[in-house]
Amino acid sequence: MTHSADAYYVPHSSYLPIIASIALTVSVVGAACWFNGTASGPMTFYIGLAMVLAMLFGWFNTVVKENLCGLYNAQVDRSFRQGMMWFIFSEVMFFAAFFGALFYARVLSVPWLLGDATGLATHLFLWQDYNEYWPTNGPANAGGDFQTIGAWGIPALNTTLLLASGITLTLSHHALKAADNARTVWWLIATVALGSVFLGFQAYEYIHAYQDLNLTLASGVYGSTFFMLTGFHGFHVALGTAMLIVITIRAARRHFTPDNHFAFEGVAWYWHFVDVVWLGLFIFVYVL
Amino acid sequence: MSTATADHHGPARGLMRWVTTTNHKDIGSLYLLFALIMFLIGGAMAMVIRAELFQPGLQLVDPQFFNSMTTVHALLMIFGAVMPAFTGLANWLIPMQIGAPDMALPRLNNFSFWLLPFAFTMLLSTFFMNGGGPASGWTLYPPLSLQMDAGFPFMIFAIHLAGISSIMGSINVIVTILNMRAPGMTLMKMPLFVWTWLITAYLLIATMPVLAGAVTMLLTDKFAGTSFFSAAGGGDPVMYQHIFWFFGHPEVYILILPAFGIVSAILPTFARKPLFGYSSMVYATASIAFLSFIVWAHHMFTVGMPVVGELFFMYATMMIAVPTGVKVFNWISTMWRGSMTFETPMLFAVGFIIMFTIGGFSGLMLSIAPADFQYHDTYFVVAHFHYVLVTGAIYSIMAAVYYWLPKWTGHMYDERLGKLHFWISTISVNVLFFPQHFLGLAGMPRRIPDYSVQFADWNMISSLGGFVFGLSQLMFVWIIFKAIRGGRKATDQVWEGAQGLEWTLSSPPPYHSFNQPPTVR
Ligand code: HEM
Ligand SMILES: [Cu+2]
């Protein structure tokens, strides 16, 4: 029987998923051993990570090839789009957990620790002298005294960078739709550059926090929420930048056409999502 | 490209077929088999629990091990048995019910499944590490859960892997339903199993990442010096409970919504009447899902919340009884004046309605905040959730297996044995769980290996019921095995009253369900 031109493409059996499962398992086993202080932990983790990267490379390579062979019809394209949107939604909820922790601490539990609501300071028995509201590292002064990072220095600059990168990415998208390949690639390169500078500043800020401000993950609930939120965000920016680099290369190889460029759009959505999360961070972690 | 000749292939040969498959039926079978194995391992742990509780005093296992039995029993049953079983059913049925060739993202589908064996092997491996398995209860409340020894990071990562699997599986389900329906299959024509799974998948994508966040914070609290859940650093252990239950309550609906869909498929077949109130079923499911996001703190009434909080969560919880009541009303109306026959799937479905409703009622009692101060952390809660989960979720899964097994295998199962399985299970499960209501009301705490002597009689009775229930599930395994091996040939329609696209296919159906989409009027 022949393959009718518009059939939904159901790939054949594939080794990629099982490799992916094994790779992920090796890396988390490595990480767990590392946490436990087992000597072989880091090595196992890095091997797993390398396997994950190789698997991702293989997986996306396959998908790109299939796409270039014209195996994907409009319906398959829709599946990818919807899948990407729901994936981003799951990421939103992941960040929601950490934002929730931040709000809960600031709005409810720290004031309670100070005696709010009941009128009875709940810390009186153990920690009589506790009276700081926010930023706080708790009544036990976890991690020792620390200073915070002001909003209007590097963080404000970083906000501008990310917002600008959103614009350059949109310009690139417009160029792509106008079939202007050179501009598409150049605006993408600009986006990658902005993302990388953001990451550089973020790394600088972390070093500054650890070395000069004594602001660490262990600085009580302030340090915990600060680093968890900005850290996971930074990790997502790094991922997003890597994805941008991939589509830059693909754009340079003319993989995209004005009406077939899901990979580009998927990465763009992801990048905008990372952007929006940063705005939330900037307001709730740095400014307020 | 050699891979271009994608469809019209039969299965690959040999064992690697199962490892590399992208076929929704193969993957569905894998999920179901995996769920069955987890059900048996988790069941064995339940037997250990009931054996220890057979008499007061410490007899068989030490308390730490007892606690890890209750913890891992719950984790296996929830994440390893019920959820994968529903996902397996989704894989098998959704493409057939909406007229699609396969799931939307077939390779991702395989990945979602194959993460599970690794995740649960990792979870179970913690039993062999320093300090043993997790023993803090499946809710993993800090600071207790942080006292776990070497197994701790393995358990956390096992939860992460299982979570990634659920999220990817759910994305696949949603995209399949929204994008792969046959022409004419409008949303309001979809079978209710498809509807309930659509909403379940949404709940999963919205809450599994929150669980991931919560356990990640546990991990950093233990290893990276953070103070999310430690008051000394300005955090709060109660915060964990809020985040956990923001996931946890929608999770219990994840465990029951597909069951609603299954029962809504089976009842009309054997009552030979269309489902009563189809659209109200859809709206009830959606409102249950919505409400499930704003009731989480009913698990924490006794933790010391402001009174406004107690009241809000109490009333919100009670409101869920309204859409749930709509459903039960519709099921009963479906059966009303139907020409009913009671084949095994129907028995399980009717059993579901009666016993799930008992669980709903005890839930309603628990939702009364002042009363919950007495019930909380007692066996009453244990009785409640076992009525909704065992005689609810698990019964629906068994009903589904009996109902669709002839379609899947092409063979009828042994009806006589099936009925026997139902009756032994139903009698024993009530002997097992009904007395736990009395124990709880009398004050017996949950998750404790020993108890005072006034609880002895009901515990012994409950344990006896438990052993019978546990053993009778081996019958289930045997019946399935027999039907796979052979048996009376099933017709395509299998059940005389069955309606829906899956019954238009042959039994067993072709490897790829609908290469040409059927037209739905
Ligand atoms: C009418 C609907 C329901 C109501 C009003 C309700 C209410 C409650 C309440 C208030 C609790 C907390 C009791 C306590 O810890 O003191 C509870 C516990 C629980 N419920 Fe329900 N429930 C309902 C339906 C369900 C369903 C459908 C399921 C699952 C299929 C379920 C599963 C559970 C579980 C697993 C727990 C115990 C969690 C734990 O502490 O380990 N409930 N329920
Ligand atoms: Cu609940």
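Residue numbers start from 1 in every chain, and the chains themselves are labelled A, B, ... in the order their sequence lines are given, proteins ahead of strands.
Using a 3.5 Å distance cut-off with no hydrogens or angles, the side chains of D236(B) and Y104(A) do pair a donor with an acceptor.
In terms of modelled atom types and a separation under 3.5 Å, the side chain of T21(B) and the main chain of S13(A) share no donor-acceptor contact. Judged by distance alone, with hydrogens and angles left aside, the side-chain atoms of S14(A) form no donor-acceptor pair with the main-chain N or O of R107(B) at under 3.5 Å. Listed for the N179(B) side chain is a donor-acceptor partner under 3.5 Å among the backbone atoms of Q75(A).
Using a 4.5 Å cut-off between heavy atoms, W34(A) does not touch chain B at all. Of the atoms belonging to T38(A), not a single heavy atom falls under 4.5 Å from chain B. M168(B) does not touch chain A: none of its heavy atoms, backbone or side chain, sits under 4.5 Å away. Only the side chain of F246(B) comes within contact range of chain A, with at least one heavy atom under 4.5 Å from a heavy atom of that chain.
With a 4.5 Å cut-off on side-chain heavy atoms, M180(B) and S79(A) count as touching. Between P101(B) and Y8(A) there is a side-chain heavy-atom pair separated by less than 4.5 Å. Side-chain contact between F157(B) and F35(A): present, with at least one pair of heavy atoms (C-beta onward) separated by less than 4.5 Å. Looking only at side-chain heavy atoms (C-beta outward), F228(B) and T225(A) come within less than 4.5 Å of each other. Under the 4.5 Å side-chain criterion, counting only non-hydrogen atoms from C-beta, M228(A) is in contact with T216(B). Contact of the F154(B) side chain with the V28(A) side chain is not registered, since no non-hydrogen atoms from C-beta on lie closer than 4.5 Å.
The CG atom of L16(A) sits 9.5 Å away from the CG atom of N110(B) when rounded to the nearest 0.5 Å. The line from CG of L108(A) to CE of M239(B) is 10.5 Å long, rounded to the nearest 0.5 Å.
Residue D102(B) comes nearest to V10(A) through the heavy atom pair CB-CG2, 3.9 Å, listed as atom of the first residue, atom of the second, then distance. When all heavy atoms are compared, the tightest approach of A231(B) to P139(A) is O-CD, 3.2 Å. Taking all atoms of both residues into account, the shortest heavy-atom contact from T22(B) to P11(A) is OG1-O, 2.7 Å.
At a heavy-atom separation below 4.5 angstrom, chain B is approached by Q82(A), G83(A), W86(A), F87(A), F89(A), S90(A), M93(A), F94(A), A97(A) within residues 82-97 of chain A.
Counting heavy-atom pairs closer than 4.5 Å to chain B, the top residue among A101(A), G223(A), A31(A), A32(A) is A32(A).
T25(A) meets the side-chain contact (heavy atoms from CB on, under 4.5 Å) test with V29(A), F118(B), M122(B), L161(B); sequence neighbours excluded.
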